[in-house]
Amino acid sequence: MPHPMIRTRRVRHVALNGQGPGVPRTSDLVLGIVATAMLAAFCLLMASNLVARALEAAG
């Protein structure tokens, strides 16, 4: 029974930008900071909405 021929191809690491492995780009860091800040703002907004509804129901 013949074995199927396995084709391999090279994988390009675009996010590394030619630097060594594990060195993030500045844009990746900025994106992470902005995304974290937006997630925190969304969580605070949802929490304040829940508190407002609880006070409205109790009052």
Joint hydrophobic cluster, Val34 plus Phe42, side-chain heavy atoms closer than 4.5 Å: no
CG on Leu39 to CG on Leu44, rounded to 0.5 Å: 9.5 Å
By side-chain contact (heavy atoms from CB on, under 4.5 Å) - contacts of Val51 (at least two apart): Leu55
From Leu50 atom CG to Leu45 atom CG, the distance as rounded to the nearest 0.5 Å: 10.0 Å
